[in-house]
Amino acid sequence: MRSITILGSTGSIGTQALQVVDMHPGEFRVAALCARHNAQALFDQVRHYRPDMAALTGREHVDVPDDLRNCQWHFGHDALEKLARSAPADDVLVAVSGMVGLRALLAARESGRRVLLANKEALVAGGALVMSRCQVGGEHASLLPVDSEHSAVFQCLNAAEGNPFARIILTASGGPFRTWDSARIKQATPAQALKHPNWSMGAKITVDSASMFNKALEVIEARWLFDAKPEQIEVLIHPQSIVHSLVEFADGAVLAQLGLPDMRIPILYAMSYPARIYSGLPSLNLAQLGQLTFKSPDDGRFPALSLAYQAIRAGGAAAAVLNAANEQAVAAFLAERIPFGGIYQVVSDTMQRLGAPDADTLEAVEHADAAARRTADELISRMNA
Ligand code: NDP
Ligand code: MG
């Protein structure tokens, strides 16, 4: 039996990971659970899964119900790192949203835990730091991707018997604005951006999927996980979200991983790796689907992707700057402070101003992240005036 800490247990990925635990009570034990504000949902989870530790990072104190007092409780912003480091777990699923997961990810590795990574922002911001402490896959795997595209690439590479890849092709659904024209996209509302055609996810990643910043973050994520050069990573629009990504080899052979768009499949694969165990989900029926379609991304309508390549080529903390500016811009868009088109503008202008700061230490990355947030906030205020 493997024990698991779930950081972000009340979110979309966190609750689906707990559904995987429910399917396999003999395989997984929950060691610790962590959320930010949602005390009631966390209480219900602690009552059900009986972890050793639990935490709410967005509260300094909460009255814990009497029947949950034998769980060790932590509050405040550093509880995330505390649980990652000290809960009695084999694996830590990092499923918080935003770069706030970086310290916890590093703490989990420092204390010898295997990291199951959904939190792409942490890897985008601190790629070099994370990868110097992790091994992706293999007999001594210490980092396993949960993001569906990267899980797909990882699975294709596992079948490659050590042969290097020539090209990684990340698929993208295209989001809710796939067929919209530029002018309409720029004026889209939060309600429209939050309506994803294929996946039900947290608000931040859903907006990122609409702007294609999600794919931009995933290009950078792939660069780190698979040590890929920017010219080896391509994006392909595939509205049905059945082919989760593809890998091409020197001989022209292309391997792909397919499945229904259900995050429990990549979550389960990371949790049970290297074994494959029963998911209880319906089988993929390609005959019923009839056709799968593919298209090149349209950089004119979705300019975010080009910023990912720019950030990779610039190196240093350029990707941390991109990520931080995007986090600020998405929050401002959701609060109706800037239009949808303002997100790209804020990120692009912040990157322009800050360039590629130093990223050699955690402190340097956090410094670049904070500077980018300040610059983005300033640009947002001006846009708002
Ligand atoms: P959600 O917004 O649904 O959930 C986020 C979770 O993290 C919640 O439990 C939230 O707690 C918790 N959280 C947020 N900030 C903190 C913090 N500072 N301290 C402790 N807990 C915190 O997000 P998703 O589940 O959709 O996404 C999580 C991550 O996984 C993101 O990085 C996303 O990009 C990635 N991902 C998600 C996919 C999906 O299908 N959802 C697919 C691929 C990747 P509370 O409820 O209290 O706010
Ligand atoms: Mg993804």
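Here the structure is a predicted model, which means the values were calculated and not measured. When a ligand or atom number is given, it counts from 1 through the structure's own listing order.
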Query raised in the report: Do the side-chain N and O atoms of N198 and S241 include a donor-acceptor pair separated by under 3.5 angstrom?
Result: yes
Requested in this report: Using only heavy-atom distances, determine whether the side chains of N323 and E121 contain a donor-acceptor pair under 3.5 Å.
Outcome: no
Could you tell me whether [X] and ligand 1 have an N or O pair separated by under 3.5 Å?
{"X": "H37", "answer": "yes"}
{"X": "G11", "answer": "yes"}
{"X": "I13", "answer": "yes"}
{"X": "G202", "answer": "yes"}

Report task. Identify the residue among L83, T5, L56 that makes a side chain to side chain contact (heavy atoms under 4.5 Å, CB included) with C34. Result -> L83
Query raised in the report: Between N119 and ligand 1, which part of the residue brings a heavy atom under 4.0 Å of the ligand: side chain, backbone, both or neither?
Result: both
Query - Ionic contact status for E149 with K120, cut-off 4.0 Å - result: no
**Report entry** Residue M201 vicinity, atoms of ligand 1 by number, heavy atom under 4.0 Å
**Finding:** 26 (O), 39 (C), 40 (O), 41 (N)
Query - Atoms in ligand 1 with a heavy atom of N38 nearer than 4.0 Å - result: 46 (O), 47 (O)
Report task. Say whether, by atom type as modelled, one donor and one acceptor occur between the side chain of D90 and the main chain of S3 under 3.5 angstrom. Result -> yes
**Report entry** Heavy-atom donor-acceptor pair, K215 side chain to T171 backbone, under 3.5 Å
**Finding:** yes
Write the atom name of the N, O or S atom in [X] that is nearest the Mg ion (ligand 2).
{"X": "E149", "result": "OE1"}
{"X": "D147", "result": "OD1"}
{"X": "E218", "result": "OE2"}

